[in-house]
Amino acid sequence: MAERILGKTLATVSLSVALASVTVKSSGCCSIPACRNTFSSCGFHLSSNIMSSSNGAKENSHNKARTSPYPGSKVQRSQVPNEKVGWFVEWQDYNPVEYTAVSVLAGPRWADPQISESNFSPKFNEKDGHVERKSQNGLYEIENGRPRNPAGRTGLVGRGLLGRWGPNHAADPIITRWKRDRSGNKITHPVSGKNILQFVAIKRKDCGEWAIPGGMVDPGEKISATLKREFGEEALNSLQKSSTEKRELEEQLHKLFSQEHLVIYKGYVDDPRNTDNAWMETEAVNYHDETGEIMDNLTLEAGDDAGKVKWVDISDQLQLYASHSQFIKLVAEKRDAHWSEDSETECRGL
């Protein structure tokens with residue numbers, strides 16, 4: 001329990017910021033995602049520029065990973081101008097700051113040892129025992145024994161708050177239902193004429209912002225298990241339930257998470273905790289309760305690192321933590337739900 005709570009504090013919701021250059025295409029007019037622990041079957045075609053900084057920095061990409069001070073510290077990154085983010089750009093004077101948080105160096109179960117330790121021989125770019133060291137964006141380079149951030153320079157080396165060298169994998173469940181009136185009829189938006197979709201949002205204790213629940217994938221854990229566990233802990237307070245309540249909760253969660261689902265995004269995340277040697281990746285998955293019957297049997301109750309939890313109407317007016325609204329927009333477009341009163345915005349996509 002203590003490890004999970006500690007990790008949650010350091011690993012803010014994993015979706016934290018998908019790079020703004022991500023584009024997911026659908027067939028319609030619109031173009032459609034630490035420490036421990038606080039990114040299916042339906043066809044999305046990811047047309048992603050998130051690794052563009054390896055070939056040339058984009059103006060709106062790889063920004064969060066260069067911000068200072070580093071989260072939870074007073075550490076200032078070395079400044080990295082846009083034109084020098086990409087590793088292909090020669091920069092002999094590049095002198096990044098070295099920083100790994102004390103909480104990581106203390107050697108908790110969710111963290112790797114230092115690269116310099118003689119008994120530590122990580123197998124990068126592959127499954128290393130129970131630890132997944134493969135990136136969802138393909139192979140990454142190793143330099144001087146350390147993995148190199150595939151999106152480019154960040155101005156900081158080491159691991160910061162992240163436990164793993166290389167990719168740190170997270171999962172984020174986006175649970176949705178249709179907004180209905182007292183008679184059970186779907187409610188349409190008076191301007192767009194589209195049905196209004198709702199999703200389960202949590203209010204984070206650390207920053208007070210509303211966000212998608214989510215967290216880090218435990219070693220050896222399947223993404224599907226992480227998605228279900230994180231939703232139960234943060235939105236249903238499963239950690240504080242009795243044995244009987246947990247069994248009943250598990251039964252309902254099984255119904256919700258065993259149905260057809262949409263992988264909204266998976267891959268690298270532009271996150272303020274990223275360093276040159278450690279970075280966040282996530283898999284954001286939408287589970288939709290079409291009739292609302294499953295979620296009607298579940299009482300939302302904030303738990304773990306969530307201060308509050310509630311159903312939130314989906315629209316372009318949402319003010320969410322980091323760039324979570326981008327992922328919510330993807331869900332709305334795929335479900336053909338209301339997003340904006342501006343018809344032009346509806347068809348512009350991201």
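Note that the structure is predicted; figures quoted are calculated from it, not measured.
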Check whether any side-chain heavy atom of L236 sits under 4.5 Å from a side-chain heavy atom of L298, and report yes or no. yes
Looking only at heavy atoms, which two atoms of G145 and I115 are closest? And how far apart? O-CD1, 3.6 Å
At what distance, to the nearest 0.5 angstrom, does OG of S183 lie from CG of N185? 5.5 Å
Considering the options D128, D112, D218, which one meets the salt bridge (Lys or Arg N to Asp or Glu O under 4.0 Å) requirement together with R164? D112
Would you say I223 and V217 make side-chain contact, with heavy atoms under 4.5 Å? yes
So does N144 have more than 12 non-hydrogen atoms from other groups sitting under 6.0 Å from CG? no
Stepwise salt bridge (charged side-chain N to carboxylate O under 4.0 Å, His left out) test for K194 and D336: CA-CA 7 Å; K194 293 186 175 183; D336 194 28; 3.1 Å; yes
d(N137 CG, E281 CD) to nearest 0.5 Å is 5.5 Å
Applying salt bridge (Lys or Arg N to Asp or Glu O under 4.0 Å) as the test, list every pair that has at least one member in residues 291-300; sequence neighbours left out. none
Both conditions, 6.0 Å and 45 degrees, for the charged tip of R273 above the ring of Y70: are they met here? no
Does V131 sit in a hydrophobic cluster with other residues, and if so which ones, taking ILVMFWY side chains as linked at heavy-atom separations under 4.5 Å, directly or through other members? none
Which residues pass the salt bridge (Lys or Arg N to Asp or Glu O under 4.0 Å) test with E98, not counting sequence neighbours? R146
Any donor-acceptor pair under 3.5 Å linking the side-chain atoms of E250 with those of Q252? no
Quick check: do D289 and T176 have side-chain heavy atoms less than 4.5 Å from each other? no
Go through the structure and list residues passing side chain to side chain contact (heavy atoms under 4.5 Å, CB included) with R247, not counting sequence neighbours. S243, T244
Rounded distance (nearest 0.5 Å) linking atom CG of L320 with atom CD1 of I314: 9.5 Å
May I ask whether W210 and F199 are part of the same hydrophobic cluster, defined by side-chain heavy atoms of I, L, V, M, F, W, Y residues being less than 4.5 angstrom apart, directly or through others? yes
Run the salt bridge (charged side-chain N to carboxylate O under 4.0 Å, His left out) check on R177 and E290 step by step: do they pass? CA-CA 6 Å; R177 72 178 183 185; E290 178 64 27; over 6 Å; no
Of the non-hydrogen atoms in A332 and H338, which two are nearest, and what is the gap between them? CB-O, 4.0 Å
Minimal heavy-atom distance between G163 and N168, with the atoms involved, is N-OD1, 3.3 Å
Please check if I212 and L262 belong to a single hydrophobic cluster, counting links between Ile, Leu, Val, Met, Phe, Trp and Tyr side chain heavy atoms closer than 4.5 Å. yes
N/O donor-acceptor pair under 3.5 Å between R133 side chain and G166 backbone: no
What verdict does the side-chain contact (heavy atoms from CB on, under 4.5 Å) test give for S135 and Y268, after you've listed the backbone C-alpha separation in whole Å, the side-chain angles of each residue and the deciding distance to 0.1 Å? CA-CA 8 Å; S135 169; Y268 181 89; over 6 Å; no
Would you say E209's side chain and R204's backbone share a donor-acceptor pair under 3.5 angstrom? no
Would N286 and R335 satisfy side chain to side chain donor-acceptor pair (under 3.5 Å), going step by step from the backbone distance to the final call? CA-CA 10 Å; N286 174 221; R335 299 290 179 188; 2.9 Å; yes
Flag side-chain contact, heavy atom, 4.5 Å: R153 against R66: no
Test of understanding: clusters of I, L, V, M, F, W, Y form through side-chain heavy atoms closer than 4.5 Å, transitively. Do I196 and I174 belong to the same one? no
Go through the steps for K179 and D313 under the test salt bridge (charged side-chain N to carboxylate O under 4.0 Å, His left out), then give the verdict. CA-CA 8 Å; K179 187 175 185 180; D313 291 357; 2.7 Å; yes
Side chains of N195 and T188, donor plus acceptor under 3.5 Å: no
Decide yes or no for W339 and S192: does some side-chain heavy atom of the first lie under 4.5 Å from some side-chain heavy atom of the second? no
Y140 and N149: side chain donor to acceptor below 3.5 Å: no
Any side-chain heavy-atom pair of M216 and M280 under 4.5 Å: yes
What verdict does the side-chain contact (heavy atoms from CB on, under 4.5 Å) test give for I175 and L256, after you've listed the backbone C-alpha separation in whole Å, the side-chain angles of each residue and the deciding distance to 0.1 Å? CA-CA 9 Å; I175 309 302; L256 178 64; 4.0 Å; yes
Interatomic distance, NZ@K228 vs CG@L253, rounded to 0.5 Å, equals 6.5 Å
How about K186: does its NZ atom have over 12 heavy atoms from other parts shown lying under 6.0 Å from it? yes
Sub-3.5 Å donor-acceptor pair from the side chain of R77 to the main-chain atoms of T67, do we have one? yes
So, W165 versus F124, ring centres under 6.0 angstrom or not? no
Using the ring pair (Phe, Tyr, Trp, His ring centres under 6.0 Å) rule, collect all pairs that involve residues 285-319, keeping only residues at least two apart or in two chains. W178-H288, F257-Y287, H261-Y287
Would a distance-only check, ignoring hydrogens and angles, find a side-chain to backbone donor-acceptor pair under 3.5 Å from N274 to V269? yes
Taken to the nearest 0.5 Å, the spacing of L197 CG from H189 NE2 works out to 13.5 Å
Closest heavy-atom pair, V89 versus E83, reported as atoms and distance to 0.1 Å, is CG2-O, 3.5 Å
Assess the side chains of Q114 and R159: does a donor N or O sit below 3.5 Å from an acceptor N or O? yes
Taking the side chain as everything from C-beta on, heavy atoms only, tell me whether P147 gets closer than 4.5 Å to I142. yes
For N119, give me all partners under side chain to side chain contact (heavy atoms under 4.5 Å, CB included), at least two apart in sequence or on another chain. E117
Pair S238-E233, side-chain donor/acceptor within less than 3.5 Å: no
Check for a donor-acceptor pair, side chain of E245 on one end and backbone N or O of S242 on the other, with a separation under 3.5 Å. yes
Give the cluster check for L161 versus V157: same hydrophobic cluster or not, with ILVMFWY residues linked at side-chain heavy-atom distances below 4.5 Å. no
Just wondering, do V97 and Q76 contact through their side chains at under 4.5 Å, heavy atoms? no
Would the number of heavy atoms belonging to other residues, nucleotides or ligands and lying under 6.0 Å from NZ of K241 be above 12? yes
Closest approach of T100 to G158 (non-hydrogen atoms, all atoms of both residues): OG1-CA, 3.7 Å
Within 6.0 angstrom of K127 NZ, more than 12 heavy atoms from elsewhere: yes
Examine V309 and F231 and state if one hydrophobic cluster contains both, with Ile, Leu, Val, Met, Phe, Trp and Tyr joined whenever side-chain heavy atoms are less than 4.5 Å apart. yes
Does R148 pair with E141 as a salt bridge, N-O distance under 4.0 Å? yes
Closest heavy-atom pair and its distance - K64, D270: N-OD2, 2.9 Å
Would you give the length of the straight line joining atom OG of S78 to atom OH of Y94, rounded to the nearest 0.5 angstrom? 6.5 Å
Any donor and acceptor pair, going by atom type alone, linking the side chain of E126 with main-chain N or O of K123 inside 3.5 Å? no
